[in-house]
Visitor: 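Please read through the structure below; I'll follow up with questions.
Ligands are counted one by one from 1 in listed order, and the atoms in each one are counted from 1 as well. We're numbering straight along the sequence, starting at 1. Treat the numbers as computed from the prediction; the structure is a model and nothing was measured. The figures that follow rest on heavy atoms only: side chains count, while hydrogens, waters and symmetry mates do not.
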Amino acid sequence: MCLSDHALSHYKRGAQAPEIVTLSHCLPLQSRSIFISSFASNMDEHKLGYKGNDVLQDLEILTMNAKAAQELILRKILEKNHGTEYLNKFMNGSTDISAFKSQVPVVTYDVVQPYIARIAAGEPSSILCGEQIVELLRSSGTSRGEPRLMPSISEDLYRRTYLYSLIMPIMNKYIRGLGEGKAMYLLFVKAETLTNAGIPVRSVLTSYYKSPHFLHRKHDLYNKYTGPDEVILCPESEQSMYCQLLCGLVERQHVLRLGAVFASAFLRSISFLEQHWCDLVSDIRIGQLSSNITNSTCRLAIQSFLALPNPELADEIEAICSSESWKGILGKLWPNVKYIEAVLTGTMAQYIPMLEFYSDGKIPLVCTMYASSESYFGVNLRPLCSPKDVSYTILPNMAYFEFIPLEDGRKLIEDDEVVENDTLVSLVDVKVGCYYELVVTTFSGLYRYRVGDVLQVTGFYNRAPQFKFICRRNVILSVDSDKTNEEDLHNSVTRAKEILENRNYLLLEYTSCTDTSTVPGHYVLFWEIKSTCEGATPCVPLDAQILESCCIAVEEALDYVYRRCRAHDRSIGPLEIRLVEAGAFDDLMDLLVSQGSSINQYKTPRCIESGPALKLLNSRVTGSFFSPRDPEWTV
Ligand code: AMP
């Protein structure tokens, strides 16, 4: 076995270290190697005390041997899981890789869902996975309006921890002195439930923040957050946000990094600060936490931050926050900050202008990783590049990766289309410039599962390909973790237009966009409506109340994640309907045809992101109406 010395001692200490998968016995490597796919499970061992150089050297070896790593991963997955009901159906208990490749079909969530439902109801994990499924991760993808649940086994936490352990060593290569201060990362947990069989259902980040891997992390120089763990774990997100901002302000001179997982959450916190800075300043001035914070664990954790009144600091913050414009506020409040970290790729790219505004374009915006509830995927090895140029290097020890080539550049493949097995391309065989849909096979029971992400290959790091995130298949609207596709939107608009039809109005055309100039951002629908009243019977005028009830009807019909973001997380604002004048959609068609759309095949786009088309519609708006209340949502 040739693990790095450090990792080796780490494993040796593991009381009940499960299998350690190393590449040393199967790779043409003379030197040491590490290939972490299963890890020690002893509590203490979570303090992955990697020295940066060790980790980066290991990453070199891993990426140089991407092909062997992938073959080994698949072999191990089949060895562990060949006895499951799912794989048995296709492979008759075989562990043969070629049988897997020729016989196991490429699937979407609908195929896996019945197995997950059975496990949730109490059937053994072994119908899907050779290991115990210890939690179901609630993904932001939905299926028929319900959240998708992804199986997870305990060793998955080690894979996630491994990916996290790469981030600071990578950042350290580019930015000096990060160990001399702290990070104000705004991290939140979400509500969790139990299935009938008692399996926890939670988000992947909640799972991680509640795990010993996070809570017992090694508190080294690079791992210091301003917010105490108790505050991060507070289930009331506004109280948690308040306290995290308070700690970040108290320690403003020590903060070197700002961030959140997704840019939407970071911006939401800044807008929260805009609303609540007076209270925060007052707390700092008198050395006492506002009585609005009722969570006792938060109150206790914050005590030491407000031990004494600090009027000087309060004055400084007040002077900054009361300035007329908040342009560049981040650099003023946190003068030593070296970068802002958040996912800014994919739909999150819509938040780049806002972040540039708050940072006055002077603080680098850094996207470090690409991950999902199904599996973590990769890291950005050039973190200081512009968010528009980010590519993620897929780590070949996270899962077994395959790719569906997309013809014509990026023509998407529908959910119900059969994907022939022999069209799949393996990780190391993807071609630079080409577009692919990502397919994963995991240790925890997903086999040739279509994640739904479309990626483009931009290059290779050693033998591991690097991908630009292009889009989520089918998603047209997204503000936070919601992902609304054309069909979801159509179904919910159809519900709402019944309200109009009952009053003799027709919805002639509609399209949509997200408006992120408000924080939180919100969905906007452009509606062109026509009266169907004839003769002497006049129509009931369309008043605000009717249109507001249409807004809420659309929201009630949108999926679980949307409604959670609206009603619980408050990360999406009330939906807006903008009525446009008669003929606006004809003009839209003329415009798009003049820009190259075929008149024969013209279809009204159901989402318009920006540009002249959006400008045109906005210039024809005759009235705007918002949802008057939150949509229904239960955990
Ligand atoms: P979830 O299912 O809630 O875990 O969300 C995972 C999905 O979020 C991925 O499949 C992507 O569509 C998206 N996502 C995660 N990380 C990134 C990233 N760095 N850039 C763009 N999209 C991302």
Side-chain angles (χ1 to χ4, degrees), residues 108-109 112 116 135-143 146-152 156 159-160 163-164 166-167 170 188-190 201-209 259-266 341-352 365-383 385-395 398-399 401 403 412 436-440 442 444 446 449-456 458 466-485 559-562 564-565 569 571:
T108 55
Y109 185 73
V112 192
I116 292 174
E135 57 186 355
L136 294 170
L137 301 178
R138 200 190 283 126
S139 132
S140 54
T142 50
S143 175
E146 291 305 310
R148 294 181 184 178
L149 302 180
M150 299 301 164
S152 178
D156 284 336
R159 276 182 270 278
R160 292 177 205 128
L163 191 144
Y164 286 126
L166 295 173
I167 305 297
I170 294 170
F188 304 98
V189 296
K190 296 206 159 117
V201 177
R202 44 170 86 111
S203 78
V204 64
L205 292 170
T206 302
S207 158
Y208 186 71
Y209 299 143
V261 178
F262 288 101
S264 52
F266 185 73
E341 178 178 344
V343 170
L344 276 162
T345 40
T347 56
M348 291 292 143
Q350 63 189 319
Y351 297 109
I352 296 172
L365 304 178
V366 171
C367 304
T368 54
M369 58 183 278
Y370 168 41
S372 79
S373 315
E374 292 88 334
S375 164
Y376 277 24
F377 302 126
V379 290
N380 176 7
L381 294 174
R382 289 195 309 124
C385 71
S386 151
K388 296 187 181 80
D389 299 327
V390 168
S391 286
Y392 298 101
T393 302
I394 297 279
L395 300 177
M398 290 289 116
F401 298 106
F403 297 84
L412 302 184
Y436 298 91
E437 196 192 308
L438 177 62
V439 171
V440 288
T442 66
S444 53
L446 298 175
Y449 175 84
R450 291 171 68 182
V451 173
D453 291 347
V454 175
L455 310 174
Q456 184 189 26
T458 53
Q466 301 183 294
F467 292 91
K468 188 169 180 174
F469 183 93
I470 299 297
C471 64
R472 175 99 185 171
R473 192 159 45 88
N474 296 337
V475 169
I476 58 167
L477 292 172
S478 172
V479 167
D480 188 37
S481 52
D482 53 303
K483 297 181 173 65
T484 299
N485 66 32
D559 72 24
Y560 172 94
V561 176
Y562 176 88
R564 187 195 67 209
C565 289
D569 304 348
S571 53

Visitor: Less than 4.0 Å between atom 13 (C) of ligand 1 and some protein heavy atom, yes or no?
Guide: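 Under the 4.0 Å cut-off, atom 13 (C) of ligand 1 has no protein heavy-atom neighbours at all.
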
Visitor: Of the side chain and backbone of F469, name the one, both, or neither that has a heavy atom under 4.0 Å from an atom of ligand 1.
Guide: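 Near ligand 1, F469 shows its side chain, while the N, CA, C and O stay back.
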
Visitor: With a heavy-atom distance limit of 4.0 Å, tell me whether M369 approaches ligand 1 through its side chain, its backbone, both, or neither.
Guide: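 Backbone only; the side chain of M369 stays clear of ligand 1.
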
Visitor: Are any of the heavy atoms in Y392 under 4.0 Å away from ligand 1?
Guide: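 Y392: in contact with ligand 1 (<4.0 Å).
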
Visitor: Checking contacts here: is it the side chain or the backbone of T345 that comes within 4.0 Å of ligand 1, counting heavy atoms only? Could be both or neither.
Guide: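 T345 to ligand 1: contacts from backbone and side chain alike.
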
Visitor: Could you tell me if the ring centre of Y351 sits under 6.0 Å from that of F266?
Guide: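 No, the ring of Y351 stays outside the 6.0 Å limit from the ring of F266, centre to centre.
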
Visitor: Is the closest heavy atom of S481 to ligand 1 under 4.0 Å?
Guide: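 Checking ligand 1 against S481, which is what was asked, there is no heavy-atom contact under 4.0 Å.
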
Visitor: When you measure from atom 3 (O) of ligand 1 to every protein heavy atom, which one gives the shortest distance, and what is it?
Guide: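 Going by distance alone, atom 3 (O) of ligand 1 is nearest to S140 OG, 2.6 Å.
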
Visitor: In the protein, which heavy atom is nearest to atom 6 (C) of ligand 1, and how far is it?
Guide: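 In this structure, atom 6 (C) of ligand 1 has S372 CB, 3.5 Å as its nearest protein heavy atom.
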
Visitor: Pairing donors with acceptors under 3.5 angstrom, does anything connect the side chains of Y109 and S139?
Guide: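 No, because no side-chain N or O of Y109 sits under 3.5 Å from a partner of the opposite role on S139.
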
Visitor: Pairs of nitrogen or oxygen atoms closer than 3.5 Å, one from S139 and one from ligand 1: do any exist?
Guide: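 Indeed, backbone or side chain, S139 has an N or O that close.
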
Visitor: Taking all non-hydrogen atoms of both residues, which atom of C565 and which atom of D482 are closest, and how far apart?
Guide: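 Answer, listing the atom of C565 first, then D482: SG-N, 4.3 Å.
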
Visitor: For the aromatic rings, using the six-membered ring if either is Trp, is the centroid distance between Y370 and F469 under 6.0 Å?
Guide: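 Yes, close enough.
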
Visitor: Compute the shortest N/O to N/O distance between R472 and ligand 1 and return yes if it is under 3.5 Å, no if not.
Guide: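 N/O-N/O distance below 3.5 Å exists for this pair.
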
Visitor: Is the number of heavy atoms from other residues, nucleotides or ligands within 6.0 Å of CZ (R382) greater than 12?
Guide: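 No - once you tally the heavy atoms of other residues, nucleotides and ligands closer than 6.0 Å, there are 12 at most.
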
Visitor: May I ask you to identify, for T347, whether its side chain, its backbone, both or neither come under 4.0 Å of ligand 1 on a heavy-atom basis?
Guide: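 Neither part.
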
Visitor: Among side-chain atoms of S481 and S140, is any donor-acceptor pair under 3.5 angstrom?
Guide: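 No pair is found: no donor N or O on one side chain lies under 3.5 Å from an acceptor on the other.
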
Visitor: What distance do S571 atom OG and F262 atom CZ have between them, rounded to the nearest 0.5 Å?
Guide: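 If I round to the nearest 0.5 Å, the distance is 11.5 Å.
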
